[in-house]
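Read the numbers this way: they start at 1 and go in the same order the structure lists the ligands and their atoms. Remember, it's a predicted structure, so these values are computed and weren't measured experimentally.
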Amino acid sequence: MSTASIKRELEKYGLTPNRALGQNFLASDAAAADIAGAACENGCPVIEIGPGMGALTVELTKRAPMVAAIEIDRRMAEIIADRLPEVRLINADALKADIPGLIAALGGRANIAANLPYYITTPLCMRFLSIGADGGIPAMTLMMQKEAAERFTARPGDRVYGPLTVLAGYYYEVARLMELSQDMYYPQPDVDSVVLKLTARGAEKLSELEWLLNSAFAMRRKTLSNNLRAAGMPDERLRSLLEACGIEGNIRAEKLTVEQFANIAREIEARGK
Ligand code: SAM
């Protein structure tokens, strides 16, 4: 959709963009086609988060065997139902919707595609990563503000290195596909955006990894030992766990690599908390 056609459609339905819902619509058919191409590479059904007026949805329906979309704004959901009746539409908050149930209904595997609403980018991505490849998400193609994308590509020691970085890096290959300038949206956001593609690595599911990350990063200024102790791990168990993993107790979580976190999570799984 071009900026002119977005404005026309908004006018036709008597709507104005809702900034509180992060409604910055993609105004580039070429970018929408490229993003949809990346999102549909493996031939799986696709779940789109926040279809808005359908700029990306139209392109997804041309390439995916099935498209489902979760949109919180009832009026936007009505536009999609009107324009693209073949899309399985869920008018709900994507943070609360039953995404595992939807994946099951789509045959057990579905990619995620989204031009993410900026105000919930991190919690939404944490939700997708928590469901993960094991829960039926083989790939995600996600457009987000540049700053949010840095969390996915951060290195140990970086300011934004955290649970999202480690979960994404352990379970998925993260590739930066393209950058989109502010003028490719209507209305224009304050910053440029980036499209990331996450492709499942086939890594073994680690049942304690999320607990470990949430505990280890609970207080960024505290050491790993202090954070794990605060999360309820007894001293003796903590000491032998870190010793077995060859990790100093006084290190901070932000210095550990993805592989080190994975090793600790495996040990916790084997020994218990
Ligand atoms: N996909 C469209 C596009 O690219 O033009 C719209 C993208 S716009 C950045 C974000 C969309 O997410 C809006 O349609 C907004 O209403 C929707 N949205 C915001 N919060 C949501 C939530 N919690 N659950 C589902 N959709 C949400």
Side-chain angles (χ1 to χ4, degrees), residues 1-10 12-13 15-40 46-64 67-84 87-99 101-102 110-128 131 140-149 177-196:
M1 292 174 90
S2 63
T3 298
S5 63
I6 293 171
K7 285 183 178 170
R8 226 177 10 253
E9 286 291 301
L10 285 168
K12 175 174 147 196
Y13 289 95
L15 300 175
T16 48
N18 184 338
R19 281 187 185 261
L21 290 180
Q23 290 179 353
N24 300 101
F25 302 106
L26 182 61
S28 162
D29 287 336
D34 287 348
I35 295 161
C40 299
V46 174
I47 299 174
E48 186 187 358
I49 307 298
M53 283 187 300
L56 181 57
T57 331
V58 166
E59 297 298 330
L60 293 170
T61 58
K62 293 179 193 166
R63 294 167 174 83
V67 176
I70 305 175
E71 171 58 64
I72 199 170
D73 186 332
R74 184 180 47 79
R75 299 156 322 152
M76 293 292 153
E78 282 165 8
I79 296 178
I80 296 295
D82 205 19
R83 284 187 71 200
L84 297 165
V87 170
R88 182 179 186 138
L89 190 72
I90 293 127
N91 180 202
D93 180 346
L95 284 175
K96 297 183 187 147
D98 178 12
I99 295 178
L102 183 55
N111 298 324
I112 302 282
N115 170 9
L116 291 166
Y118 70 91
Y119 74 106
I120 45 167
T121 296
T122 299
L124 262 180
C125 290
M126 284 302 283
R127 219 186 148 205
F128 305 147
I131 297 168
M140 309 183 213
T141 305
L142 306 171
M143 198 183 322
M144 65 188 77
Q145 296 195 341
K146 245 177 166 176
E147 215 175 66
L177 294 191
M178 64 182 101
E179 228 178 280
L180 299 171
S181 59
Q182 302 158 45
D183 58 11
M184 291 171 98
Y185 298 88
Y186 177 80
Q188 290 187 16
D190 299 329
V191 294
D192 294 342
S193 294
V194 164
V195 179
L196 296 181

Is any side-chain heavy atom of Ile80 less than 4.5 Å from a side-chain heavy atom of Thr57? yes
Any nitrogen or oxygen of Asn115, main chain or side chain, under 3.5 Å from a nitrogen or oxygen of ligand 1? yes
Nearest 0.5 Å, please: how far is CD1 in Ile49 from CG in Leu124? 6.5 Å
With a cut-off of 4.0 Å, which atoms of ligand 1 are near a heavy atom of Asn24? 8 (S), 9 (C)
Answer yes or no: are there more than 12 heavy-atom neighbours, outside Glu179 itself, under 6.0 Å from its atom CD? yes
Find the distance between CD1 (Ile90) and CD1 (Ile72) and round it off to the nearest 0.5 Å. 13.5 Å
So which heavy atom in the protein is nearest atom 23 (N) of ligand 1, and how far is it from that ligand atom? Asp93 OD1, 2.9 Å
Side chains of Ser193 and Gln145: is there a donor and an acceptor less than 3.5 Å apart? no
Do any N/O atoms on Asp73 end up under 3.5 angstrom from N/O atoms on ligand 1? no
Side chain, backbone, both or neither: which applies to Asn18 and ligand 1 if a contact is any heavy-atom pair less than 4.0 Å apart? neither
When you measure from atom 8 (S) of ligand 1 to every protein heavy atom, which one gives the shortest distance, and what is it? Gly22 O, 3.3 Å
Could you tell me which atoms of ligand 1, counted from 1 in the order shown, lie closer than 4.0 angstrom to a heavy atom of Ile70? 25 (C), 26 (N)
Show which atoms of ligand 1 fall inside a sub-4.0 Å distance from at least one heavy-atom site of Phe25. 5 (O), 6 (C)
Given side chains that start at C-beta, do those of Asn115 and Met144 come closer than 4.5 Å, heavy atoms only? no
For atom 5 (O) of ligand 1, what's the nearest protein heavy atom and its distance? Leu26 N, 2.9 Å
Just which atoms of ligand 1 are under 4.0 Å from any heavy atom in Ile120? 22 (C), 23 (N)
Between the candidates Gly50, Ala55, Pro51, Ala92, which shows the shortest non-hydrogen contact distance to atom 11 (C) of ligand 1? Gly50
Would you check if there is a donor-acceptor pair between the side chains of Gln23 and Asp73 at a distance under 3.5 Å? yes
Which residue supplies the protein heavy atom nearest to atom 14 (O) of ligand 1, what is that atom called, and how far is it? Glu71 OE1, 2.7 Å
Could you tell me whether the side chain of Met143 reaches within less than 4.5 Å of the side chain of Met178, counting heavy atoms only? no
Quick test: of every protein heavy atom, which one is nearest to atom 21 (C) of ligand 1, and how far off is it to 0.1 Å? Ile72 CG2, 3.4 Å
Looking only at distances, can you tell me whether any N or O atom of Ala94, backbone or side chain, sits closer than 3.5 Å to an N or O atom of ligand 1? yes
Assess whether salt bridge (Lys or Arg N to Asp or Glu O under 4.0 Å) is satisfied between Lys62 and Glu59, documenting all intermediate values. CA-CA 5 Å; Lys62 293 179 193 166; Glu59 297 298 330; 3.1 Å; yes
Return the residue, atom name and 0.1 Å-rounded distance of the protein heavy atom closest to atom 20 (N) of ligand 1. Tyr119 OH, 2.7 Å
Drop me the distance from Tyr119's OH to Leu21's CG, to the nearest 0.5 angstrom. 5.0 Å
Out of Met1, Met76, Gln23, whose heavy atom sits nearest atom 13 (C) of ligand 1? Gln23
Identify the protein heavy atom lying closest to atom 19 (C) of ligand 1, giving its residue, its atom name and the separation to 0.1 Å. Leu21 O, 3.1 Å
Do you see a donor-acceptor pair shorter than 3.5 Å between the side chains of Tyr13 and Asp82? yes
What atoms in ligand 1 come closer than 4.0 Å to a heavy atom of Glu48? 1 (N)
